[in-house]
Amino acid sequence: MKYIDGQKLKSMLLSGSNNLYNHYPEVDALNVFPVPDGDTGMNMNLTLTSGSKEIENRTDKDVYTIAKSFSRGLLMGARGNSGVITSQIFRGFADALQGVENIDITKLAEAFDNGRKIAYKAVSKPVEGTILTVIRESSDKLMNSITPTMSLENAFEILIKEADASLKRTPNLLPVLKEVGVVDSGGAGLLIILEGMYDALKGKVIERNLGEQAVDGKAQVAAASESEEFGYCTEFILRLGTVEDGKRQFNKTRFTSFLNSHGNSLVVVQDEDIVKVHVHTLKPGNVFNYAQQFGEFLKLKCENMTEQHNEILLKEMDKEVEEKKEPQEYALIATSSGKGIDEYFNQVGVNYIVSGGQSMNPSTNDFLKAIEEANAKHVYIFPNNGNIILAANQAKDILEGKVDVTVIPTKTIPQGITGAMNFNPELPMEDNLEGMLEAIKSVKSGAVTYAIRDTDINGVKVKKDEFLALKESKDIVGSYKTKIKAFKELIKSLVDEDSSLITVLAGEDVKEKEFKEIKKFLEDTYKDLDLDIRVGNQPVYSFLIGVE
């Protein structure tokens, strides 16, 4: 084949997206840290899904229109660092095709090479041994290997062969990958996308597998891209069964990930063998079918929110349109997960909450919507997660010249709380920024969660289902049999002679007895320090800790 037109490119992009969808749990499994928020595959999958929705019904013949539409969808739906970098690769790919109707071998090489350039520019401190290395080495190989007589199929073979080889070399560039025995997860996701595109180029378009990941792939497309449809408010209480009953073994993290991919406004609460669920979804039947694999329903409720919304709209159409309010001077936006944490942020002056966090990173579009709703001249964003900062900065870039947006690079919830506390609307912007940046430097953060697999990392032997004590998200203090032991050891590692304040946020899995125990431990052990102990209701993490 010598040329790719718009419709052929469309099939290739959809095939690559579908291939990633079919394999994203395998990509998730490559995450280095054995904690339940390893979501590279899910983030890339939801990002690609957003792009697919933009082009699935397009009939354009020119490649630029298709590539640009796909890129725009990725940009708006980008989640996590891996999703943002992927969106930048395809942004560069699309920009190189401006004014082009068909892709030949030269344009193919130029497009991927430009994707590499744009992706590197998007990251302030590029790290080798990651998805960036894979796109750089594979695009360089392609650019230096093409000949006038080469077919597009042969060109893609070169690209994929080098991407595979580059991926296998990532452990040599990142010691932690070699220590754990995995390749880079983002690079693996990119290779899967390229393989899906290559299959479509050869005439075999990959379709979505209707298996564990989804009963209906279109449900995820609609949910992930946050369709304007409202769908159904779906609630149920499930009693978990056993393998002997013919039911599948329940894993809350995977269960939650599935429901997140099929809807929004999700709440999942487990109390021993009882699971309570609330989710807004376009396909409630798919949710019910999936859940019933793990047990039997004790209670079901499903209401059509679309009809309710339409009734409201009809009433509002009879009212005069309210004039848009004048923008306020400042607004603070924070990423949060957990009712108690939301309330804490509101108390310290945060105006708008973007739902998300460790297990489900918000998209660029989530931040754009929050900024629009804030209606302020100056907006400060607290991402509160290192994997969310890029998406927040991408929203800032999109609004450049329209709204003054500043991203405070908070990597933890305690940093975000301290940063927001130090905002003073009476001070000039420069002084505020300096004060908040200085304040977050004084915060030492810690967290307690559970291990999802056995591993040895950074000299620590980790056992599945034990509790991990983490400093600054990635430094493992130790692996312990109980969350209380992990909490105590973590606190000891964080507190020193300069410490004056300990903040503790208890997660949704912490029982009242455990909460009282850690409270008494802190009051007895650190009598000279100020203590702020609250229920945060956050998922995944039993305790979030800040020491100042």
Side-chain angles (χ1 to χ4, degrees), residues 17 20-21 24 27-28 37-56 69-91 119 122-123 131 186 189 193 219-231 256-266 279-282 333-337 352-374 379 381-400 403 405 407 409-410 416 539:
S17 176
L20 179 62
Y21 174 83
Y24 78 80
V27 177
D28 278 342
D37 65 350
D39 52 7
T40 298
M42 175 63 80
N43 280 339
M44 293 182 73
N45 172 44
L46 293 179
T47 301
L48 267 289
T49 292
S50 181
S52 296
K53 181 174 174 59
E54 289 296 315
I55 64 172
E56 61 184 353
S69 297
F70 185 70
S71 168
R72 176 67 178 175
L74 296 184
L75 183 73
M76 301 301 287
R79 297 172 188 263
N81 293 341
S82 54
V84 172
I85 293 172
T86 302
S87 75
Q88 293 301 307
I89 290 172
F90 283 97
R91 174 190 167 193
V123 182
I131 184 175
I193 295 167
Q220 191 197 30
V221 174
S225 60
E226 299 188 3
S227 166
E228 292 182 356
E229 296 180 75
F230 286 79
T256 301
S257 294
F258 173 89
L259 295 183
N260 260 320
S261 72
H262 283 69
N264 50 43
S265 301
L266 176 65
V279 63
H280 294 172
T281 178
L282 296 174
I333 297 173
T335 303
S336 174
S337 60
Y352 297 91
I353 298 294
V354 174
S355 296
Q358 305 290 4
S359 58
M360 180 53 65
N361 298 156
S363 67
T364 299
N365 198 42
D366 290 330
F367 286 112
L368 290 174
K369 288 182 177 179
I371 294 168
E372 181 183 5
E373 187 176 346
V379 175
I381 299 179
F382 301 87
N384 304 330
N385 185 317
N387 205 35
I388 297 175
I389 293 174
L390 275 182
N393 276 318
Q394 192 154 267
K396 171 187 173 181
D397 292 342
I398 291 173
L399 294 174
E400 187 173 3
V403 181
V405 179
V407 178
T410 51

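What you see below is based on every heavy atom in this structure, not just the backbone, and it leaves out hydrogens, waters and symmetry mates.
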So [Y] and [X], do their side chains get closer than 4.5 Å, heavy atoms only?
X    : Y    : answer
I193 : F90  : yes
I333 : F382 : no
S87  : M76  : no
V379 : K396 : no
E373 : Y352 : yes
N393 : V405 : no
E372 : L368 : no
S50  : L74  : no

Looking only at atom types and distance, does a side-chain atom of [X] sit under 3.5 Å from a main-chain N or O of [Y], one as donor and one as acceptor?
X    : Y    : value
D28  : M42  : yes
N387 : N81  : yes
S82  : G186 : no
R79  : P362 : no

*What distance separates L20 CG from T86 OG1, expressed to the nearest 0.5 Å?*
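Going from the CG atom of L20 to the OG1 atom of T86 covers 8.0 Å.
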*Atom pair CD1 (I388) and OG1 (T335), whose distance is rounded to the nearest 0.5 Å*: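 These two atoms lie 4.5 Å from each other.
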Might you point out which heavy atoms bring [X] and [Y] nearest each other, and give the distance in Å?
X    : Y    : answer
F70  : L48  : CZ-CD1, 3.4 Å
V407 : P383 : CG1-CG, 3.7 Å
I353 : S336 : CG2-CB, 3.8 Å

Could you tell me if [Y] and [X] have a donor-acceptor pair between their side chains, going purely by distance under 3.5 Å?
X    : Y    : result
D366 : S363 : yes
N384 : T410 : yes
S69  : E54  : no

